[in-house]
Amino acid sequence: MPRLLKVCTLLTLCVIAAISAVYAAGLEDTVAGIFTRHTIYGVRYEIIIFALILVGVAIFYNNTMQVAVIGLLALCFYKYEFVDGFSVIDRLLGYTNDQGEFVKGSWNTYLNLALMLPGFSILANIFEESKFPSVLPRYLPNGVLGGMVLLTFVFCLSTFLDNIAAAMIGCSMAATLYKNNVHIGYVAAICAASNAGGAGSVVGDTTTTLIWIHGKDPLVLAHAFIPAIVALVIVAFFASRQQHKYSSDVYKPTGSVQIEKRRLGLVALILAGAIFFNYFFEFPALGIWLAILVGAFFVKINFREGLNAIESTVFLVCLVFCAELVPIDSVPDASILSTMAIGFVSAVFNNIPLTQLCLIKGGYDWPLISYAVGFGGSMVWFGSSAGVAVCNVFTKARSFMNWLRYGWHIPFAFVVGFAAYLLVFGWSPQKGNPPDQMPEPISKEEAIGNMPVHHNPMPDEVVIPE
């Protein structure tokens, strides 16, 4: 663990210890107006700790699991110390509130996540070993169009593979096609294409999977493909032009490559199992692993790929649980402007906890928030896991300024795609929710974000776009 990470951990613990000392010594009156039991200068301590976790994830991107675990421990320590009645067990297993109603725990969400990520890693490996990605480069057209087709293929891969796997396959194909002479703008476009493809697919991106597990309709979430496709066309056009001017030479693989149809069939079986078990049992992870175990009788499966995903799985589960511990009143009201802002914020902060906070808050247009947090993370190289992955292959892209300079088409495409969604569907937070998560209708002004949500709109103010 880097020395700076140890220092940040020590500072976080010192802050919590200082807060404890203030109240233990009875000095709260002395620092009135600055410290209270739950805030400092009016900001909740949970928000401060959570922000430190996100900053740590951005800075120590090679030690994200350690950052998330330390942050979760610090957050739980504060909650147990200063929040009356807090219990991790109650959060996970459920509890009975003051009205005698049982509040369901969130254990099933975390169990699903813990099993799904290793399963998706195995799925990506099965697809890659089917040899199908190796065949495509020989069929790509020359020139700018060839670069656009490759990015479109990455987009399509990401709709049913994890966006990291799709990005890695795209990098491998680009390195082969352009003889490792790949422009930074095109590297950024590979990241953007993989994130765009997962925006509307519940098995293509962790954030969309998280929304799906929370009960949102996957067919409604598929509406996010509209802005994602618009953004893809813009990014693919400009990035392919950059790449063509940078290196017009292409290499087409020769020789015979035999596609393994059994592996492709197993990929389809795994995806079908995930969808079936989610729809009937709300437990897609079980369907994924049953399909994998059945497939092991017909094809050789590298289960080590699942073990390699343990670190990222621990990181994800810890980060999502940290988001659950943040007070809901700390999250801005859902609106068009706040959704766009979240898209830009996801470029520098991890989009997984942002998504969890939005799910807890409720009231968002879920396909639009899925697009915002998914594609928005492409604007900066460390804004998404796919960006970190492609920079591990093409290290020259690991520059904040170069990514912004040559990947300028990504934020431009994000805004255009965002506008395209609103033109086609409008703002519709009512759609896609199960009955117990249905939000109250809001007015036009509230939907845009020009005024606080009052939750008591007059009948003539109600807007329910179709």
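Being a predicted model, the structure only gives us computed values, none of them experimental.
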Mind checking ring pair (Phe, Tyr, Trp, His ring centres under 6.0 Å) for Phe86 and listing every partner two or more places apart, or none if nothing turns up?
Tyr80
Ring pair (Phe, Tyr, Trp, His ring centres under 6.0 Å) partners for Phe237, two or more places apart:
none
In the structure I gave you, are the side-chain heavy atoms of Val233 and Thr152 within less than 4.5 Å of one another anywhere?
no
Just so I know, are the side chains of Leu368 and Tyr364 near enough to count as touching, which here means a heavy-atom distance under 4.5 Å?
no
Evaluate the side-chain contact (heavy atoms from CB on, under 4.5 Å) criterion for residues Ile122 and Trp289: first the C-alpha distance (whole Å), next the side-chain angles of each, then the deciding distance (0.1 Å), finally the verdict.
CA-CA 10 Å; Ile122 294 174; Trp289 279 99; 3.5 Å; yes
Is a side-chain donor-acceptor pair under 3.5 Å present for Trp212 with Asp217?
no
May I ask you to test the Phe321-Leu92 pair for a side-chain heavy-atom distance under 4.5 Å?
yes
Determine whether Phe155 and Ser194 make a side-chain contact, defined as any pair of heavy atoms from C-beta on separated by less than 4.5 Å.
no
How are the rings of Phe414 and Tyr371 set to each other: parallel, tilted or perpendicular (split at 30° and 60°)?
parallel
CD1 of Ile49 to CD1 of Ile70: how many Å apart, nearest 0.5 Å?
13.0 Å
Can any side-chain N or O of Thr339 pair as donor or acceptor with the backbone N or O of Ser335 at less than 3.5 Å?
yes
For residues Arg304 and Asn125, determine if any side-chain heavy atom of one lies less than 4.5 Å from a side-chain heavy atom of the other.
no
Excluding sequence neighbours, so at least two apart, what forms salt bridge (Lys or Arg N to Asp or Glu O under 4.0 Å) with Glu46?
Arg44, Lys79
Taking all non-hydrogen atoms of both residues into account, name the closest pair between Val69 and Cys318 and its distance.
CG2-SG, 3.9 Å
Is a side-chain N or O of Trp403 found less than 3.5 angstrom from the main chain of Ser378, in a donor-acceptor match?
yes
Here the pair of heavy atoms bringing Ala166 nearest to Leu157 is CB-CB, 3.9 Å
Between the main-chain N or O of Ala236 and the side-chain N or O of Ser240, is there a donor-acceptor pair closer than 3.5 Å?
yes
Working to the nearest 0.5 angstrom, can you tell me the gap between Ile369 CD1 and Thr355 OG1?
7.0 Å
Are any non-hydrogen side-chain atoms of Met65 and Ile310 less than 4.5 angstrom apart?
no
Could you go through Leu73 and Phe77, starting from their C-alpha distance and side-chain angles, then the distance that decides it, and tell me whether this counts as side-chain contact (heavy atoms from CB on, under 4.5 Å)?
CA-CA 6 Å; Leu73 292 175; Phe77 177 84; over 6 Å; no
Approximate separation, where rounding is to 0.5 Å, of Gln242 CD and Tyr186 OH
11.0 Å
Nearest non-hydrogen partners of Cys322 and Leu75, listed with the distance:
O-CD2, 3.5 Å
How far apart are the closest heavy atoms of Ala231 and Ala413, and which atoms are they?
O-CB, 3.6 Å
Do Val202 and Leu221 have side chains that approach each other closer than 4.5 Å (heavy atoms only, starting at C-beta)?
yes
Note, Val220 side chain near Phe425 side chain (heavy atom, < 4.5 Å)
no
Straight-line distance of Ile234 CD1 to His409 NE2, nearest 0.5 Å
11.0 Å
State whether the side chain of Thr208 and the backbone N or O of Gly198 hold a donor-acceptor pair below 3.5 Å, judged by distance alone.
yes
Donor-acceptor contact below 3.5 Å, side chain Asn433 vs main chain Gln430:
yes
Sorted by chain and number, sequence neighbours left out, ring pair (Phe, Tyr, Trp, His ring centres under 6.0 Å) with His183 holds for Tyr246, Tyr406
State, to 0.1 Å, how close Ala228 and Ala196 come at their nearest heavy-atom pair, and which atoms those are.
CB-O, 3.4 Å
Got a second to check how far Leu151's CG is from Gln243's CD, nearest 0.5 Å?
9.5 Å
Hits for side-chain hydrogen bond (donor to acceptor under 3.5 Å, both in side chains) against Asn112, two or more places apart or cross-chain, chain-then-number order -> none
Using the test ring pair (Phe, Tyr, Trp, His ring centres under 6.0 Å), find all partners of Trp107 that sit at least two apart in sequence or belong to another chain.
none
Worked verdict on Arg91 versus Leu325 for side-chain contact (heavy atoms from CB on, under 4.5 Å)
CA-CA 9 Å; Arg91 289 274 185 168; Leu325 299 182; 4.1 Å; yes
Side-chain donor or acceptor of Ser338 paired with backbone N/O of Asp333 under 3.5 Å:
yes
Could you grab the distance from atom CG of Leu111 to atom CZ of Phe283, nearest 0.5 Å is fine?
4.0 Å
Test side-chain contact (heavy atoms from CB on, under 4.5 Å) applied to Leu232 and Phe375, step by step
CA-CA 10 Å; Leu232 171 70; Phe375 189 79; over 6 Å; no
Can you confirm whether the side chains of Ser428 and Asp365 place a donor and an acceptor under 3.5 Å from each other?
no
Closest approach of Ala167 to Val390 (non-hydrogen atoms, all atoms of both residues):
CB-CG1, 3.8 Å
